[in-house]
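One structure is given below, encoded as structure tokens.
FYI, side chains are in, hydrogens and waters are out, and symmetry mates aren't considered; it's all heavy atoms of this structure. None of these values were measured; they are calculated from a predicted model.
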Amino acid sequence: MQLIVTAQHQGRVISFQQRSPSGALEKAHQLQKEGLAQVVISDITGRAYDPSDFAARFVRAGV
């Protein structure tokens with residue numbers, strides 16, 4: 001599975017490719033903790049989710 005985590009930093013867009021839902025969510029949370037804005041996770045279809053919405057849909061607790 002290919003997922004893209006995107007955020008805004010100092011007026012620039014940065015993106016990171018992740019291979020698993022849990023990896024994408026971890027990266028998104030890391031970017032939020034670092035203070036980056038507009039953090040979203042996009043799937044292969046181009047749909048974008050904020051980290052909390054993504055977690056509720058794709059990441060199972062304890063997995």
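Side-chain contact between Thr6 and Val39 is absent, with no heavy atoms from C-beta onward closer than 4.5 Å. Looking at Val5 and Leu25, their side chains never come closer than 4.5 Å, going by heavy atoms from C-beta outward. Pro51 is listed as a side-chain neighbour of Gln32, based on a closest heavy-atom distance under 4.5 Å.
Legend: residues meeting side chain to side chain donor-acceptor pair (under 3.5 Å) with Glu34, ordered by chain and number and at least two apart, are Gln30.
Going from atom OG of Ser15 over to atom CD1 of Ile41 covers 12.0 Å, rounded to the nearest 0.5 Å. Rounding to the nearest 0.5 angstrom, the gap separating the CG atom in Leu36 from the CD atom in Gln10 is 8.5 Å. Taking OG of Ser22 as the start and NZ of Lys27 as the end, the distance is 14.0 Å to the nearest 0.5 Å. Here the OG1 atom belonging to Thr45 is positioned 3.5 Å from the CG atom belonging to Asp43, to the nearest 0.5 angstrom. In this structure, the separation between CD on Gln17 and CD on Gln2 is 4.0 Å, given to the nearest 0.5 Å.
Counting non-hydrogen atoms of neighbouring residues, nucleotides and ligands closer than 6.0 angstrom, the CD atom of Gln18 exceeds 12 such neighbours.
Between Gln8 and Val13, the shortest heavy-atom contact is NE2-CG2, 3.3 Å. Between Leu3 and Ala24, the shortest heavy-atom contact is CD1-CB, 3.8 Å.
Pairs passing the ring pair (Phe, Tyr, Trp, His ring centres under 6.0 Å) check and including a residue from residues 15-49, sequence neighbours excluded, read Tyr49-Phe58.
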